[in-house]
Number of protein chains: 2
Amino acid sequence: MVDVKSMANPLFLREEELRQGIEMLFFAYRDFTGEPDAILAEIDLGRAHHRVIYFVGRNPRITVTDLLKILKITKQSLSRVLSQLVNEGYIDQTTDQGDRRKKLLTLTEKGVDLEHRLTENQRKRIARAYKAAGAEAVQGFREVLRGIIDPNDQERFEIVTPTMPVQRRGKG
Amino acid sequence: MVDVKSMANPLFLREEELRQGIEMLFFAYRDFTGEPDAILAEIDLGRAHHRVIYFVGRNPRITVTDLLKILKITKQSLSRVLSQLVNEGYIDQTTDQGDRRKKLLTLTEKGVDLEHRLTENQRKRIARAYKAAGAEAVQGFREVLRGIIDPNDQERFEIVTPTMPVQRRGKG
DNA sequence: CTTTTTACGTCAACCATGTTGACTTATTTC
DNA sequence: GAAATAAGTCAACATGGTTGACGTAAAAAG
């Protein structure tokens with residue numbers, strides 16, 4: 001009887017483990033976002049611009065409203081960075097011909113280039129971590145992280161069944 | 001031959017999977033930090049105060065310098081929130097008797113109370129995700145997240161061998 | 001066809017939290 | 001005694017969020 005709490009809870013939901021989860025998220029996010037900032041600073045842009053460029057790149061022809069839903073910021077706040085990105089030729093705005101109230105946002109070639117430069121570090125960081133941990137750990141990583149996200153946005157990350165079926169232990 | 005890239009790379013390090021990793025981190029962190037902000041707003045504090053309270057709670061008698069290393073912000077920036085927290089009775093400062101230059105920071109009872117209120121949501125969120133994903137997924141989550149963190153801080157999260165030994169596949 | 005709603009934009013003021021730079025005070029270490 | 005360390009302070013500034021009010025064009029609803 002070394003650890004009463006863990007005996008009582010087979011999923012190890014001890015305070016300590018939960019706190020480590022909190023902290024790992026903090027450290028991971030801190031380090032994850034740290035690197036692109038140097039590149040951004042050189043061209044007088046900030047982290048907010050990065051987020052916009054990223055999600056426009058990921059969702060070509062996205063509307064302003066939909067972008068706001070992803071970022072969960074106000075339109076006034078978005079406006080500041082978005083208009084800058086349009087003015088400086090990173091993003092194109094076109095009117096939706098089906099609904100002419102909507103403006104569709106797309107990265108220009110210049111925008112795509114910047115996006116790649118910015119996320120290169122992040123992709124490498126993730127790739128390194130994935131490789132070190134192994135495919136099975138990646139699957140667990142995805143499942144837990146998905147569970148942390150608000151239900152609304154969880155759909156974005158359907159659990160992908162691996163190409164080569166992996167036997168799962170526990171409730172499979 | 002449906003997916004050439006995944007054939008060539010057994011660890012599924014495809015662009016798409018990496019990007020999903022990037023996005024999941026963004027969404028998880030966004031939602032994770034979202035909830036405590038409401039509580040903080042009521043008592044005229046911000047996220048920065050939360051971070052300080054959290055890490056002082058986790059590291060009683062921590063020095064200012066060590067706290068700065070965790071947060072990776074400037075002392076001027078920390079000073080603003082820290083002095084506020086001391087003034088309002090959330091944190092106690094005592095002089096280290098071994099090295100009287102150092103000031104040791106500890107949560108007061110009031111500070112502990114607030115810390116609990118603030119992290120309650122986050123702990124529940126993590127616990128929910130852990131429970132839904134299962135112990136094995138949690139292990140993978142930890143391994144990957146740890147790999148994302150800068151080497152300097154990885155030591156904080158030694159891989160814990162589970163109470164009940166779990167057989168690992170791959171390089172074990 | 002008029003009204004209402006939606007999508008988008010804009011001006012203005014404000015706040016939180018980060019930065020750099022310069023300088024001070026104790027205290028400890030060399 | 002000099003140098004390094006721990007902490008604090010003042011000032012100016014940048015970024016990126018907020019609320020509130022208001023305007024315009026287009027679509028949807030009545």
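Numbered from 1 within each chain, the chains take letters A, B, ... in sequence-line order.
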Carboxylate-amine/guanidinium proximity below 4.0 Å for A:R30 and B:D150: no
I'd like to know if the side chain of B:K110 reaches the main chain of B:E88, judged simply by a donor and an acceptor atom lying under 3.5 Å from each other, with no hydrogens or angles considered. yes
Within one Ile-Leu-Val-Met-Phe-Trp-Tyr cluster: A:V64 and A:L104, side-chain cutoff 4.5 Å: no
For D:dA14, does either OP1 or OP2 sit under 4.0 Å from a side-chain N or O belonging to A:R47? no
I want to check one thing: is the phosphate of D:dG16, taken as OP1 and OP2, less than 4.0 Å away from some side-chain N or O of A:S77? no
Measure from CD on B:Q84 to C1' on D:dT9 and round the result to the nearest Å. 16 Å
Rounded to whole Å, CG of A:L71 lies from P of C:dC8 at a distance of 13 Å
Heavy-atom count around A:R156 CZ within 6.0 Å, excluding the residue itself: above 12? yes
Looking at B:K124, I'd like to know if its NZ atom is crowded, meaning that more than 12 non-hydrogen atoms belonging to other residues, nucleotides or ligands lie closer than 6.0 Å. no
Counting any heavy atom closer than 4.0 Å, what does A:H49 reach on the DNA or RNA strands: base, sugar-phosphate only, or nothing? sugar-phosphate
Could you write out each protein N or O paired with an N or O of nucleotides 1-6 of chain C at a distance under 3.5 Å?
{"residue": "C:dT6", "atom": "O2", "partner": "A:R101", "partner atom": "NH1", "Å": "3.1"}

Walking DNA chain D from its 5' end, the first of A:K72 and A:Q97 to be reached, judged by nearest nucleotide, is A:K72
Interatomic distance where CZ belongs to A:R30 and P belongs to C:dG18 [whole Å]: 13 Å
Is A:R58 salt-bridged to B:E16, cutoff N-O under 4.0 Å? yes
Among B:F55, B:F32, B:Y29, find the residue that satisfies the ring-ring contact (aromatic ring centres under 6.0 Å, His included) test when tested with A:F26. B:F55
Using nucleotides 9-13 of chain C, report all nitrogen or oxygen pairs with the protein that are shorter than 3.5 Å.
{"residue": "C:dG9", "atom": "OP1", "partner": "A:Q93", "partner atom": "NE2", "Å": "3.1"}
{"residue": "C:dG9", "atom": "OP1", "partner": "A:K103", "partner atom": "NZ", "Å": "3.4"}
{"residue": "C:dG9", "atom": "N7", "partner": "A:K75", "partner atom": "NZ", "Å": "3.0"}
{"residue": "C:dG9", "atom": "O6", "partner": "A:K75", "partner atom": "NZ", "Å": "2.4"}

Interatomic distance, B:I53 CD1 vs C:dT17 P [rounded to whole Å]: 12 Å
Taking the basic N atoms (NZ, or NE/NH1/NH2) and the acidic carboxylate oxygens, is any pair closer than 4.0 Å for A:D66 and A:K69? yes
Write down the distance between CG (B:L78) and P (C:dA16), rounded to a whole number of angstrom. 17 Å
B:L68 atom CG is separated from D:dT5 atom C1', nearest whole Å, by 13 Å
Output the rounded distance in Å from CG (B:D99) to P (C:dT29). 6 Å
How close or far is atom C1' of D:dA7 from atom CG of B:D66, stated in whole angstroms? 13 Å
Check ion pair B:E23-B:R19 (N to O, under 4.0 angstrom): no
